[in-house]
> 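My structure is below; once you've seen it, I'll send some questions.
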There are 2 protein chains.
Amino acid sequence: MAAMHVSHGLYEAFLAVARAGSFTAAAHTLGYTQSAVSRQVQSLEDEMGAELFERLPRGVRLTEAGRVLLPHAEAVRDRLAAARAELASLRTLDGGLLRLGAFSSATASLVPRAQAAFRARHPGVVVTRVEGPSVKHLGLVAAGEEDLAVVGPAPAAPPPPGVTLHHLLDEPMLVALAQGHPHAGRRAVRLAELADEEWIVGHERLEDTLFRPAVAAGFRPRTGLLAHDWIAKLGAVAAGLGVTLVPALAAASVRRDVALVTIHPDDVPYRRICAAAPSAPTVAATAFLGLLRETADELIPPTRS
Amino acid sequence: MAAMHVSHGLYEAFLAVARAGSFTAAAHTLGYTQSAVSRQVQSLEDEMGAELFERLPRGVRLTEAGRVLLPHAEAVRDRLAAARAELASLRTLDGGLLRLGAFSSATASLVPRAQAAFRARHPGVVVTRVEGPSVKHLGLVAAGEEDLAVVGPAPAAPPPPGVTLHHLLDEPMLVALAQGHPHAGRRAVRLAELADEEWIVGHERLEDTLFRPAVAAGFRPRTGLLAHDWIAKLGAVAAGLGVTLVPALAAASVRRDVALVTIHPDDVPYRRICAAAPSAPTVAATAFLGLLRETADELIPPTRS
DNA sequence: CCAGATTCATGCGACAAGCGAATGTCTAGC
DNA sequence: GCTAGACATTCGCTTGTCGCATGAATCTGG
């Protein structure tokens, strides 16, 4: 177990001396005295077990060992400088990595818009995005494997320790009908008008968004059909098998042969969308969170409290 | 002017903590106490201006900055280890560079043999060889730009400061005659028998090797022809234009239509061949010097004092 | 041939950095 | 609510490092 207490000053002194060709001159450029440089070089020589400089009456000259050590010392100095620069660029958002998570339908417009704005302002930051269910993202943020996540449909349980939820927006739901449906042309419907419809849901238990307002409207929706992704859901709607709820932000990506109808403000279901950030968020994560808020306010102005 | 007194211990502690995932465990593997590791990491964090670890109730976890720093710290550690290894291999002659110099005719057999032996024993050492006049090599060795040089024909001046000469051998000279010459078949000649010959010399002033024994033999050689290289010299001899002296070690590389005749021991000219080494020679230079001595003794046993 | 100047090495005193031991603080788990 | 585990902090003390001054060796100019 050798190599203890080896300070970088030793290598800096070595490099300065190698560059200047003299202890005294190197000491002057380093702001030290000549004796300090002399002893630093001696320490490094003891440490390395070899003479690094040949002492001449008029300065010093690198020995073979010194010539061998020189490129290594330069590489170490440069590498440390690179590390410092990279850390600094991390602070100023000129570099670094932002690991993002989002549930599937958040990637329709909210996350991509914020991501585009972020890319425009901080082109040096690499952004990775992973889709998946919200619960999974909450765990990843808690585990420190994601820096920020957009979660929605499961704020029921309290967030894991070390994760704080930031409310982004409450997304109104639209109802999707087949084009030939009687209500297809209307501007807005009451939820009660759809009490006899067959509702196509994703996960039976998670469709809290539907059930709560429906019960408030006085009926319990029939949920015979289960479809796990949007393709299947809207395909079933288009085929006239039933109706379903579509989040407003995903409206643009709905197929043409499906009609979207607004729900009356008094009983429109809302989906609460949050961002999950660790207790000590990254600079990039904080910046992205701000952009997420701006994007959310642009898409759906925060009229509700 | 930041970054003062940054010891490597900080990076070693950082790496150990990143590896162990805990200050306490890292302290145990490092042989330090937990408080020491805690402060070392804090020092590095202050130095870098960023938190490197996220403190959790059950250990620590790398932050973004820590993840960025980690590969740099590993690279620095590995580079320093490589430097140490290379310096060690320098000591044990398993690596390094030996910059050799030699005057032209020493490269006929003496230097190549020693070089072959050196290569066999220390294959890791790279050997570079430069040919040139002896005076030039003395200057290069003095200037530290060559590690060892084989010099011969100019030991008249004292060696430059910082250079010591090591006697290798005294090389007897042969006389080269055209094949049809009356003395061509003899085993040995007296120098006086060649008093009427035309002598072909290289540099008029430097042919001390010829003049001193000739004057001792009672004549002053006629030196009408000047030839600067061996090709021209021996070509002139073969053409019957005159005779010349050839060092014994170069005998094997003489063209066939030139006869070489030994000179009588009482008045044979000798050429003193030395090795020029710096005052503080490299390990490789010292080893090579030993092999030069061995090779010299094999080629011409040191019968003379 | 000798004195001045330059350069590196070294002894000395003072200051600060770093370590160990002990204590404080916070969180998880029973 | 209490104990155990992990990091942070405080307190002396050792140790390393710096600056100042001096010494030894060498080149240079008269």
Side-chain angles (χ1 to χ4, degrees), chain A residues 1-14 16-18 20-47 51-63 66 142-144 158 160-163 278-280, chain B residues 1-14 16-47 51-63 66 142-144 160-163 278-280:
Chain A
M1 291 304 169
M4 320 218 71
H5 296 133
V6 190
S7 86
H8 277 298
L10 271 59
Y11 290 95
E12 287 184 23
F14 168 70
V17 171
S22 137
F23 283 20
T24 309
H28 196 262
T29 70
L30 288 173
Y32 286 157
T33 37
Q34 171 263 332
S35 72
V37 175
S38 173
R39 266 175 305 222
Q40 285 192 3
V41 170
Q42 245 182 10
S43 294
L44 190 59
E45 284 175 333
D46 293 348
E47 176 62 34
E51 296 259 312
L52 298 175
F53 292 103
E54 198 176 339
R55 271 70 166 181
L56 303 175
R58 220 67 181 175
V60 297
R61 191 168 56 199
L62 281 173
T63 64
V163 176
S279 328
Chain B
M1 292 300 170
M4 321 219 71
H5 296 132
V6 191
S7 85
H8 277 298
L10 271 60
Y11 290 94
E12 287 183 25
F14 168 69
V17 171
R19 185 173 183 75
S22 138
F23 283 19
T24 309
H28 197 260
T29 71
L30 288 172
Y32 286 156
T33 46
Q34 172 262 331
S35 74
V37 175
S38 173
R39 264 172 313 196
Q40 286 192 2
V41 170
Q42 243 180 12
S43 295
L44 190 59
E45 284 175 334
D46 294 347
E47 177 62 35
E51 295 258 313
L52 299 174
F53 293 102
E54 199 175 337
R55 271 71 166 180
L56 303 175
R58 221 66 178 175
V60 296
R61 190 168 56 199
L62 280 173
T63 64
V163 176
S279 326

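These figures come from a predicted structure and were not determined experimentally. A note on names: the letters A, B, ... follow the listed sequences, proteins ahead of strands, and every chain is numbered from 1.
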> Whole angstrom is fine here: how far is it from CD in B:Glu54 over to P in D:dC7?
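B:Glu54 atom CD is separated from D:dC7 atom P by 13 Å.
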> Does B:Thr24 make a side-chain N or O approach to OP1 or OP2 of D:dG5 shorter than 4.0 Å?
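For B:Thr24, the contact criterion (side-chain N or O under 4.0 Å from OP1 or OP2 of D:dG5) is not met.
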> Going by side-chain contact (heavy atoms from CB on, under 4.5 Å), name the residues that satisfy it together with B:Ala143, two or more places apart in sequence or in a different chain.
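Result, side-chain contact (heavy atoms from CB on, under 4.5 Å) vs B:Ala143: B:Glu145.
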> For D:dC18, does either OP1 or OP2 sit under 4.0 Å from a side-chain N or O belonging to A:Gln40?
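Affirmative; the distance criterion is met.
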> If you round to the nearest 0.5 Å, how far is CG of B:Leu62 from CZ of B:Phe14?
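Taking CZ in B:Phe14 and CG in B:Leu62, the distance rounds to 5.5 Å.
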> Can you figure out which of D:dC18, D:dG5, C:dA9 approaches the side chain of A:Tyr32 most closely?
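Between D:dC18, D:dG5, C:dA9, the one nearest the side chain of A:Tyr32 would be D:dC18.
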> What is the distance, rounded to the nearest whole Å, between atom CG of B:Leu56 and atom P of D:dA8?
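Distance, rounded to whole Å: 11 Å.
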> Hey, does A:Gly21 reach any base, or is it just sugar-phosphate, or nothing, if we go heavy atoms under 4.0 Å?
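If one applies the 4.0 Å heavy-atom cut-off, A:Gly21 turns out to touch nothing in the nucleic acid.
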> Measure from CZ on A:Arg61 to P on C:dC8 and round the result to the nearest Å.
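After rounding, the reported distance stands at 13 Å.
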> Between D:dG16 atom C1' and A:Asp46 atom CG, what is the distance in whole Å?
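These atoms are roughly 14 Å apart.
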> With a non-hydrogen cut-off below 4.0 angstrom, is A:Ser22 in contact with a base, only sugar-phosphate, or nothing?
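Sugar-phosphate, no base atom in range.
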> Applying a 4.0 Å non-hydrogen cut-off, can you work out what B:Gly31 is touching in the nucleic acid: base, sugar-phosphate, or nothing?
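Counting heavy atoms under 4.0 Å across all strands, the contact made by B:Gly31 is with sugar-phosphate only.
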> Who are the salt bridge (Lys or Arg N to Asp or Glu O under 4.0 Å) partners of A:Arg39, not counting sequence neighbours?
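Counting only residues at least two positions away or on another chain, A:Arg39 forms no salt bridge (Lys or Arg N to Asp or Glu O under 4.0 Å).
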> Distance check needed: C:dG18 C1' versus B:Leu44 CG, whole Å only.
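Atom CG in B:Leu44 sits about 15 Å away from atom C1' in C:dG18.
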> Between C:dT27, C:dC8, D:dC7, which nucleotide gets closest to the side-chain atoms of A:Phe23?
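Selected nucleotide (nearest to the side chain): C:dC8.
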> Taking only residues two or more places apart in sequence or in another chain, which ones pass side-chain contact (heavy atoms from CB on, under 4.5 Å) with B:Thr33?
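So B:Thr33 forms a side-chain contact (heavy atoms from CB on, under 4.5 Å) with B:Ser35, B:Ala36.
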> With rounding to the nearest 0.5 angstrom, report the OG1 to CD distance, B:Thr29 to B:Glu12.
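If we round to the nearest 0.5 Å, B:Thr29:OG1 and B:Glu12:CD are 10.0 Å apart.
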> Measure CD/A:Glu45 against C1'/C:dA9 and give the value in whole Å, please.
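Atom CD in A:Glu45 sits about 12 Å away from atom C1' in C:dA9.
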> In whole angstroms, how far is the P atom of C:dC8 from the CG atom of A:Leu52?
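Taking atom P of C:dC8 as the reference, CG of A:Leu52 is at 15 Å.
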> What residues, two or more places apart in sequence or in another chain, satisfy side-chain contact (heavy atoms from CB on, under 4.5 Å) together with A:Ser43?
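Here the qualifying residues are A:Leu10.
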> Quick one: list whatever passes salt bridge (Lys or Arg N to Asp or Glu O under 4.0 Å) with A:Arg55, sequence neighbours left out.
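Counting only residues at least two positions away or on another chain, A:Arg55 forms a salt bridge (Lys or Arg N to Asp or Glu O under 4.0 Å) with A:Glu45, A:Glu51.
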> Whole angstrom is fine here: how far is it from CG in A:Leu10 over to C1' in D:dC18?
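One finds 13 Å between C1' of D:dC18 and CG of A:Leu10, rounded.
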> So which nucleotide from C:dG18, C:dC8, D:dC27 ends up closest to the side chain of A:Arg58?
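My answer, after comparing the listed nucleotides, is D:dC27.
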> Grab the N/O contacts between the protein and nucleotides 10-14 of chain C below 3.5 Å, and write none if there aren't any.
| unit_1 | atom_1 | unit_2 | atom_2 | d |
| --- | --- | --- | --- | --- |
| C:dT10 | OP2 | A:Gln42 | NE2 | 3.0 |
| C:dG11 | O6 | A:Arg39 | NH1 | 3.4 |
| C:dC12 | N4 | A:Arg39 | NH1 | 3.4 |

